[in-house]
Amino acid sequence: MKKLSILFLFLALQLSLQAGEVTRTGLQQVRPAIPISRGHLYAQIPMRFFFQDQILELAPDLLTGETYWDIQGGLALFYGLNDHVDFALHQIIYQDNHKPGTGYNLPDDLFLRARVANFGSADSPLRYGGMIEVRLPIAEYHNLPLEPFSAGRVGWGFSLLGSRLGDPDDPGAGLNLNANLGLFFHNDHDLVLTTAPDDTLSSAHNSSEFTFGLSATKNLGALGLQAELYGRAFMRKPAGTAYTRENFVYFSPGISYSLPSTIQFHLTSDLRLSGDDDQTRYWHAQAGDLPWKSLPNLPGWRINLGLTVPLIPFPRLGRAARPAAAEEYSRQELEEQLYRQLAGERKRAEEAEESLARIRAERERINAILERLRTTLERSGGQPADSSAAPPAEPAP
């Protein structure tokens with residue numbers, strides 16, 4: 001009952017908070033090679049959950065059942081430093097699942113990410129970059145079933161990012177394709193993963209794994225569609241007592257909807273395509289102390305929900321809020337328009353100065369010709385022409 005009360009309060013808090021909108025972030029596992037807009041700060045509230053019933057027949061007409069679950073919620077902040085760099089902070093606030101023993105993580109681990117991207121020719125639809133990630137072990141419990149492996153130590157990784165934009169002038173429009181390939185290192189050498197007093201099994205090396213993914217996103221105005229294919233594959237597996245030692249691949253379709261104030265709602269579903277084999281060595285398996293009898297270590301499905309809202313600049317709500325239409329210019333568009341106007345005025349001023357210089361040069365040329373004529377007449381003993389002098393008399397016939 002205590003767990004349900006805390007979960008209810010947490011969900012109520014999630015729904016009441018004003019979080020941040022990230023147009024190119026959504027709930028994607030695959031990160032695009034396009035950073036957050038410069039000077040913008042966004043927050044996001046991601047949530048995900050899984051549950052499944054296990055029914056066992058103890059005897060004829062005697063059934064018993066148990067529900068297994070995995071619930072997680074957090075808060076993420078995104079900030080665009082410039083046109084090529086952005087930062088992300090993702091704190092998992094609450095984590096609870098069907099693990100041996102009692103307890104839940106409040107808070108769970110903290111993730112720090114830095115993305116350096118948006119490189120490529122301005123005329124080309126291709127963009128590329130990279131990202132580094134650090135996991136800080138704040139949670140009380142680690143090595144959880146139904147979750148990707150976590151050692152309880154500081155882990156780090158890096159990824160290569162690539163994107164093909166449908167419209168290079170407007171990265172948020174059209175059909176965008178993204179690809180990621182990375183490595184993550186768990187720093188679990190000589191670490192005993194269970195709390196059993198007689199467990200001495202540990203990893204002989206630091207475990208590491210490939211992270212990979214492909215995604216496609218399509219913007220249809222207020223509605224956005226996405227599809228992702230992502231997974232992990234161990235190069236060096238953790239100790240045999242790790243709950244998640246399996247390589248896995250998920251397919252994740254999803255939608256998002258944007259309000260006129262640019263607040264976004266996200267909904268995606270994770271469908272597992274591989275990773276059925278349970279490779280965990282259960283330390284007390286001989287005593288029947290298994291966390292489950294018929295479920296794998298990874299959820300076969302998972303639902304993800306999210307809410308994002310811009311913090312800086314904060315959206316204008318109410319009547320003043322208008323749909324994002326062609327008549328509404330962004331700050332960058334206004335700056336470009338002003339620059340074009342100033343460039344046009346400068347060009348016209350330069351053309352006027354050139355015309356005035358040509359007139360002055362022509363007048364100086366005419367004055368020089370007149371001066372040479374005057375000098376020639378004076379040298380020949382003549383006089384300059386005078387309009388008031390009488391014409392010479394004609395000779396008598």
Determine yes or no for a side-chain-to-main-chain donor-acceptor pair under 3.5 angstrom, with [X] supplying the side chain and [Y] the backbone.
X	Y	value
Thr217	Gln226	no
Asn105	Glu140	yes
Asn219	Gly221	yes
Glu246	Gln279	yes
Ser163	Ala33	yes
Asn178	Arg31	no
Arg245	Pro238	yes
Ser124	Gly120	no
Asn118	Pro35	no

Considering all heavy atoms, the nearest [X]-[Y] contact:
X	Y	value
Gln91	Asp109	NE2-O, 3.3 Å
Pro313	Pro310	O-CB, 3.5 Å
Ser269	Ile303	CB-CD1, 3.9 Å
Leu298	Gly275	CD1-O, 4.3 Å
Thr280	Ala242	OG1-O, 2.8 Å
Ser203	Asp188	CB-O, 3.7 Å

Do the non-hydrogen side-chain atoms of [X] and [Y] ever get within less than 4.5 Å of each other?
X	Y	value
Leu106	Ile93	yes
Tyr128	Leu126	no
Phe51	Tyr68	no
Leu136	Val134	yes
Gln341	Leu338	yes
Phe184	Phe234	no
His266	Leu307	no
Val85	Phe87	yes

Between atom [atom1] of [X] and atom [atom2] of [Y], what is the distance when rounded to the nearest 0.5 Å?
X	Y	atom1	atom2	answer
Asp270	Arg272	CG	CZ	11.5 Å
Ile138	Leu110	CD1	CG	4.5 Å
Ser208	Arg232	OG	CZ	11.5 Å
Arg38	Asp86	CZ	CG	13.5 Å
Asn180	Leu214	CG	CG	8.5 Å
Leu193	Thr241	CG	OG1	4.0 Å

Using a distance-only test with no angle check, is there a side-chain donor-acceptor pair under 3.5 angstrom linking [X] and [Y]?
X	Y	value
Arg153	Asn187	no
Gln72	Gln95	yes
Arg379	Thr376	no

Are the charged groups of [X] and [Y] less than 4.0 angstrom apart, N to O?
X	Y	result
Glu362	Arg365	yes
Arg48	Glu147	yes
Arg348	Glu345	yes

Same hydrophobic cluster for [X] and [Y], using side-chain heavy-atom links shorter than 4.5 Å among ILVMFWY?
X	Y	result
Trp156	Ile132	yes
Leu81	Leu77	yes
Ile45	Tyr94	yes
Ile92	Leu89	no
Leu183	Leu112	yes

Counting the benzene-type ring for Trp, do [X] and [Y] have ring centres under 6.0 Å apart?
X	Y	value
Phe149	His186	yes
Tyr230	Phe212	no
Trp301	Phe251	no

- Check against salt bridge (Lys or Arg N to Asp or Glu O under 4.0 Å), Lys347 and Glu350: CA-CA 5 Å; Lys347 184 177 180 180; Glu350 291 175 353; over 6 Å; no

- Message: With side-chain hydrogen bond (donor to acceptor under 3.5 Å, both in side chains) as the criterion, how do Thr375 and Arg372 come out once you've worked through the C-alpha distance, each side chain's angles and the decisive distance to 0.1 Å?
- Response: CA-CA 5 Å; Thr375 302; Arg372 286 198 300 271; over 6 Å; no

- Item | Intermediate values then yes/no, side-chain contact (heavy atoms from CB on, under 4.5 Å), Leu146 and Thr244 | CA-CA 7 Å; Leu146 303 174; Thr244 310; over 6 Å; no

- Do the numbers put Arg115 on top of the ring of Phe78, so that NZ or CZ is under 6.0 Å from the six-membered ring centre and no more than 45° off the axis? no

